[in-house]
Amino acid sequence: MVDPIVAARGIHKHFGHLHVLKGVDLEVAERELVFVIGPSGSGKSTLLRCLNRLEEPSAGSVVVDGIDMLDPRTDINHARQRIGMVFQSFNLYPHMTALGNVTLALRKVVGKSRAEADALGMAALERVGLADRAGHTPGQLSGGQQQRVAIARAIALEPRVMLFDEPTSALDPELVGSVLEVMRDLRQSGMTMIVVSHEMGFARNAADRVVFMDHGLIVEQGPPAAIFESPTQERTRAFIGQIQRH
Amino acid sequence: MSTWDRFVETFFNAKVMLKYYPDILSGVVVTIELAVLIIVSGLLAGLALALLRALGIRPLNWLIIFVVDLFRSLPPLVIIVLIYFGLPAADISPSGFVSTWLSLAFVLMAFSEEIFWAGITSIPRGQWEASRSTGLSFGQTLINVILPQAFRLTIPPLTNRTIAITKGTALGTVVAVSEILGQASSAMSNSYNPSPLMMGAAAYVVLFLPVVVAARWIETRFAWKR
Ligand SMILES: Nc1ncnc2c1ncn2[C@@H]1O[C@H](COP(=O)(O)OP(=O)(O)O)[C@@H](O)[C@H]1O
Ligand SMILES: [Mg+2]
């Protein structure tokens, strides 16, 4: 791969005696959308969290946009601006408005004035279709709207890479579509994305590559059609069969 | 003289009350001074300890927990007596006022540290992660994301605990602080009449009832809405 924007090599992660990641290599090219699937507990979230160092890998290297994320000399707070993250449980700040959520890091980390931050924040809310909800607090928004605000909070910092950890798993089925639509727009704008999700329909028509993880290892990867229709590994086949039955 | 007259003569004796009400008033002033000092220093110290504890430095946290548990388990009167009668042995002789202030401030520090800490730890981990993932530092996250949410949760228990401990200023009489109870009981022994005590009790009600009512209001006002 020519100059991957994300290069994780030989990632191991232990939680006490639990060996959760057992040497994962993942390279992602610029503008690529990589889909990560796998059974619960296989280490998908942990892998994502190692990429922006919310979790400290026990071994391995992570380079994002040319920055060595694990180098102690790296200013991690600065580096994290380039990697947006969206969580299953939204994690919006409940004591702030939607706009307040989106502008906090712009003001505190990037150092924008309140006026500049508000302008950028409104633009980000506009992109997720929620400019008219800028003054609402998370409690006044639906789950789908909250997740879109969370996406706006991440993209307002103009990251080079976006990580999504099961962004639609906590949503009522009728609200999933609005979040996927925002993700599709983001994809069209050329954003590099790593998405942990079981939204197979979205994977089929948006993903460049699907990665199947099990027990802390990448078992198999390839284009969506190949992974979904003709997986080579028995474990992959079993898993795909399982989620398609649901 | 009827029974009623004798009752009034004894507990609400106008002459005695007139003579001693300036003493009670000066007691009120001392009680207010003590209360303000205790509340300000106790809450600040409690918050400082909770923030130190949030840093997650193991040995430091053990020390904080030990100090906090110590002051939560000792009766406040014992602490006052220890400081007032014990410290002079170490060539420090704090006044009764200072002994009472320090003792109750330590107790409030200990209880408020626990309350602040409970508030901080009750904020879901996802709040930390969301904030840190956008590049905010530990301190920025604490100040902008965690504490504003934690404070809301801590206000009701903190108000109640603060009132309970502040009422302990009456313990100062034991080490000769002339706060309300001290003034009232010395006036009582000088006048051979319990009327000053009734004035003292009234003074406590006048001081604390509004605070208790305000606490009740705060409790409903700050009930957490998501
Ligand atoms: N902070 C943690 N401490 C201990 N164990 C953890 C922690 N985070 C995750 N794990 C464990 O690591 C394994 C992988 O978890 P995770 O990465 O969340 O899997 P997935 O996202 O694929 O469901 C699970 O067994 C989980 O219990
Ligand atoms: Mg997960």
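Throughout, protein chains are lettered first and strands after them, A, B, ... in sequence-line order, and every chain is numbered starting at 1.
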Rounded to the nearest 0.5 Å, how far does [atom2] of [Y] lie from [atom1] of [X]?
{"X": "N52(A)", "Y": "Q81(A)", "atom1": "CG", "atom2": "CD", "result": "13.0 Å"}
{"X": "S113(A)", "Y": "L106(A)", "atom1": "OG", "atom2": "CG", "result": "10.5 Å"}
{"X": "M213(A)", "Y": "L21(A)", "atom1": "CE", "atom2": "CG", "result": "5.5 Å"}
{"X": "F202(A)", "Y": "L33(A)", "atom1": "CZ", "atom2": "CG", "result": "5.5 Å"}
{"X": "L34(B)", "Y": "L171(B)", "atom1": "CG", "atom2": "CG", "result": "11.0 Å"}

Heavy-atom contact with chain A under 4.5 Å, split by part of Q140(B): side chain
Heavy-atom pair of closest approach, residues [X] and [Y]:
{"X": "T74(A)", "Y": "A79(A)", "value": "CG2-CB, 4.1 Å"}
{"X": "I64(B)", "Y": "R53(B)", "value": "CD1-N, 3.9 Å"}
{"X": "I143(B)", "Y": "P148(B)", "value": "O-CD, 3.2 Å"}

R132(B) to F138(B) six-membered ring, cation-pi geometry met (6.0 Å, 45°): no
Heavy atoms under 4.5 Å from chain B: which residues of [range] carry them?
{"range": "residues 119-135 of chain A", "result": "none"}
{"range": "residues 141-150 of chain A", "result": "none"}
{"range": "residues 153-174 of chain A", "result": "R153(A), L157(A)"}
{"range": "residues 58-66 of chain A", "result": "none"}

[X] atom [atom1], over 12 foreign heavy atoms within 6.0 Å:
{"X": "H78(A)", "atom1": "NE2", "answer": "no"}
{"X": "R72(B)", "atom1": "CZ", "answer": "yes"}
{"X": "R216(B)", "atom1": "CZ", "answer": "no"}

CA sep, side-chain torsions, deciding dist, call: K13(A), E56(A), salt bridge (Lys or Arg N to Asp or Glu O under 4.0 Å): CA-CA 8 Å; K13(A) 178 65 189 178; E56(A) 198 79 37; over 6 Å; no
Geometric class of the Y93(A)/H95(A) ring pair [parallel <30°, tilted 30-60°, perpendicular >60°]: tilted
Chi angles and distances behind the side chain to side chain donor-acceptor pair (under 3.5 Å) call for T169(B), W101(B): CA-CA 8 Å; T169(B) 47; W101(B) 164 29; over 6 Å; no
Ion pair check, E32(A) and R187(A), cut-off under 4.0 Å: no
E116(A)/R107(A) ion pair, N-O < 4.0 Å: no
Residue R49(A) versus chain B: region with a heavy atom under 4.5 Å: side chain
